[in-house]
Amino acid sequence: MEGRPSYDDLFDAHARRLHRLCRLMLSDRQEAEEVVQEVFLKLHKAQDEGAELMSWGAWLTRVAINLCHDRRRAGWWPRWRYRTDRIDDVPLIAREPNPEEAAIGEETLRRIWTAFRRLSDRQREVFVLRHLEGWTTEEVAAALGLRPGSVKSHLFRAVRELRAAALRGAR
Amino acid sequence: MSRCLSERTLLRLVAGGGREGRRAHLHACSECTARYRAIVSDLDRVTDVLLNTEPPRWAPSLLARYWVPATAAAVAAVALLVWVEITVWRAVAPAQPEEVTAFLSDVSATMFSTRDALAASDDTSSETLAGDETPGDCSPDPLGILGCERDNRNEQGR
């Protein structure tokens, strides 16, 4: 079909974004990679079955979010492993800092990442979808099965924490 | 002009919440608008960090990683040991009173039956002796302490 994007096109357009999204939601690089692989496996199946969608990007994002939910519900061990990462397990960043990192400073970076990590799962999801993916409140509510009021409430708390972290770093 | 909005209210407005009246004030008040933009700018910075930087290396939580599982394992081992001890203790526990009573009665029966057997064998031997030396109604005293009943009756007659 002519109007439908190919699998390769969708992969090129969304794989990187989805990986980043899953990594932010799961805080685990390896798990994020597994989820992205699973997302594109579902894409392959959906295209084989002849599914026609208005927005494949939004569909991919929803599938990724659902899979992240499933992963989080999967068990305590991944969380335990994530919370107790040893230095050897964390990939070393042997590179020059990029312009953002250089401008912001190591301490501020650490504060922001720590604050983000301390958010609840729901707050993190809402913030990522609303601010990083640019979804509307209604879209986030529909994707997460929440009321718009709940989305705003979670977002308020996330914004408060993250802003405080950014502000402490700036002062 | 009403009072300026609090920081909390501004954050609510950034998050898409807040009342219409507050939003109207935000549009009308330049000071609040500036503060609102500062918050948005801070959040843009946060977004940039999350999108464009790598998470820092976390300090290792050796305490959580090793000591907590070790403590849990030790507690489990102690619990297992206690359970085994209790199980073994029950297996070799002293017998019940009924069993003790039955055992004692067995022992008692055995002892008495031995005594009876001894007595029977003694009767046989004394009868043999009486037949040889003192025929008549002599007492069956195996030790000869009581003497012969016939002799005793003779002594009483005197």
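Order of the sequence lines fixes the chain letters, A, B, ..., with proteins taken first and strands second; residue numbering starts at 1 for each chain. Model, not experiment: these values are computed from the prediction.
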Enquirer: May I ask you to name which of B/Asp44, B/Thr47, B/Ile39 has the most heavy-atom pairs under 4.5 Å with chain A?
Expert: B/Ile39

Enquirer: Can you tell me how far CG of A/Leu109 sits from CZ of B/Arg45, rounded to the nearest 0.5 angstrom?
Expert: 10.0 Å

Enquirer: With side chains defined as the heavy atoms from C-beta onward, is the minimum distance between A/Arg160 and B/Arg8 less than 4.5 Å?
Expert: yes

Enquirer: What option among A/Thr137, A/Val159, A/Val126, A/Val151 has the most heavy-atom pairs under 4.5 Å with chain B?
Expert: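 Result: the option with the highest number of such pairs is A/Val159.
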
Enquirer: Side-chain contact test, heavy atoms from C-beta onward, threshold under 4.5 Å: evaluate it for A/Phe127 versus B/Leu43 and give yes or no.
Expert: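 Result yes, sub-4.5 Å side-chain heavy-atom pair found.
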
Enquirer: Applying a strict under-4.5 Å side-chain criterion to I, L, V, M, F, W and Y, I'd like to know whether B/Val75 and B/Trp83 cluster together.
Expert: no

Enquirer: Do A/Trp59 and A/Leu41 sit in one hydrophobic cluster, given that two such residues count as connected whenever their side-chain heavy atoms are within less than 4.5 Å of each other, even indirectly?
Expert: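 Not linked; separate clusters.
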
Enquirer: Using 0.5 Å steps for rounding, measure from the CG atom of B/Leu51 to the CZ atom of A/Arg17.
Expert: 11.5 Å

Enquirer: With no hydrogens and no angle check, is any side-chain donor or acceptor of A/Arg163 less than 3.5 Å from a backbone partner on B/Asp42?
Expert: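 A pair under 3.5 Å: no.
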
Enquirer: Examine whether an atom of A/Leu162 lies under 4.5 Å from a heavy atom of chain B, and if so say whether it belongs to the side chain, the backbone or both; otherwise answer neither.
Expert: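 For A/Leu162, backbone and side chain are both near chain B.
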
Enquirer: Decide yes or no for A/His131 and B/Val46: does some side-chain heavy atom of the first lie under 4.5 Å from some side-chain heavy atom of the second?
Expert: no

Enquirer: Are any of the side-chain heavy atoms of A/Trp113 and B/Leu50 separated by less than 4.5 Å?
Expert: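 The answer is yes; the side chains approach within 4.5 Å.
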
